[in-house]
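Below: the structure, in structure tokens.
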Protein chains: 2
Amino acid sequence: MKTMMIGKVAESAGIGVETVRFYERRGLIESPPRNASGYRQYPVSTIHRLRFIRRAKELGFSLREIKELLELQTDPTSTCGDIMKHTEQKLTDINRKIDDLIKIRDALNLLFEACSRDRTLADCPIINAMSDKELQD
Amino acid sequence: MKTMMIGKVAESAGIGVETVRFYERRGLIESPPRNASGYRQYPVSTIHRLRFIRRAKELGFSLREIKELLELQTDPTSTCGDIMKHTEQKLTDINRKIDDLIKIRDALNLLFEACSRDRTLADCPIINAMSDKELQD
DNA sequence: CTTGACCCTGTAGTATAGTACAGGGATTAT
DNA sequence: ATAATCCCTGTACTATACTACAGGGTCAAG
């Protein structure tokens, strides 16, 4: 099996070496086997896992939540019932996030299109195009 | 015009009093007028703004980014060009976030449905239902 | 007229998520 | 064989976003 050292995984995942070790301490990735010199030897799958962590963070999940999401896949001690309950909750959260993002996107699109219809700078229709109500609630 | 004091706005927005003052210091909400005793007098619109801030935070926007989003609406000194450039960037970010969330949701849905088809606990199909590849990349 | 629940400023402390050394060993390129 | 470049552990520092006082003023109700 092809393995790689920490510098390579970190670079491939777009994060720092220290961050990889930090995630290991926090239990987001498991401690990989070591070679004779004590160097960590990672399987390729670790890169995918680290990329997932990075993206999930950008989506507003905390490391704790990301750990939970990842454990839904990998925890062999959970029962189906546990996992379904957990998963249902996560799905609800994620659907709410998607809906909120769509609202913000639609409001921004309105603004963008209003600006596109070649106006003079003086009456740029920002304030009208996107009222407090539309964007903020 | 109906106004309210800081305790009321904070409670209505679902955040703490100290947090409201903190957002004022950071320029996310403007310094409201004060009454004779120096107490902040907020218009109702501040509640919507605070709620927006709270939700945007849950979506992974930093306070700096939220400030920029809010300024797209309210900054009267920006030109249409500035705003369009800014808005376009935000739209790209938001669309990427939506896509990522949908990917995670679909993977979780697969897991959820696989578990729903009454299996014995022994062969709960987590690992198969949601492979690393599907969820993680 | 005082007591409890508010408000004020200012400063300090906390949680989360890194990020940066220090001090040392291993490996590779010249 | 000796730099340069990686790796190790452990600890300390940083940024962000709160959160909690300290020490004091305001105000409505009993």
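Values reported hereafter were calculated over all heavy atoms of this structure, with side chains retained and with hydrogens, waters and symmetry mates removed. Labels below follow one simple rule: chain letters A, B, ... track the order of the sequence lines, proteins then strands, and each chain is numbered from 1.
Regarding A/M5, its CE atom lies at a distance of 7 Å from the P atom of C/dT28, rounded to whole Å. To the nearest angstrom, P of C/dA5 lies 15 Å from CD of B/E11. Computed from coordinates, the B/K8 NZ to C/dC6 P distance equals 12 Å when rounded to whole Å.
Of the two residues contacting DNA chain C, namely A/R26 and B/I6, the nearest-nucleotide position lying further toward the 5' end is that of B/I6. Each of B/R64 and A/Y42 lies near DNA chain D, and the nucleotide nearest A/Y42 is the one positioned closer to the 5' end. Looking at which nucleotide of DNA chain D each of B/N35 and B/S62 is closest to, the 5′-most match is held by B/S62.
Interface remark: the A/Y23 side chain does not form any donor-acceptor pair with the C/dG18 base, using a distance-only criterion of under 3.5 Å. Interface remark: the B/Q41 side chain does not form any donor-acceptor pair with the C/dC7 base, using a distance-only criterion of under 3.5 Å.
Counting only heavy atoms from C-beta on, A/K57 has its side chain closest to C/dG18 among C/dG18, D/dC18, D/dT19. Distances from the side chain of A/L63 to the nucleotides C/dG18, D/dT19, D/dC27 place C/dG18 closest.
Contact annotation: B/R40 side-chain N/O to C/dC8 OP1/OP2 distance is under 4.0 Å.
Enclosure of atom CZ in A/R96 by more than 12 non-hydrogen atoms of other residues, nucleotides or ligands within 6.0 angstrom is indicated.
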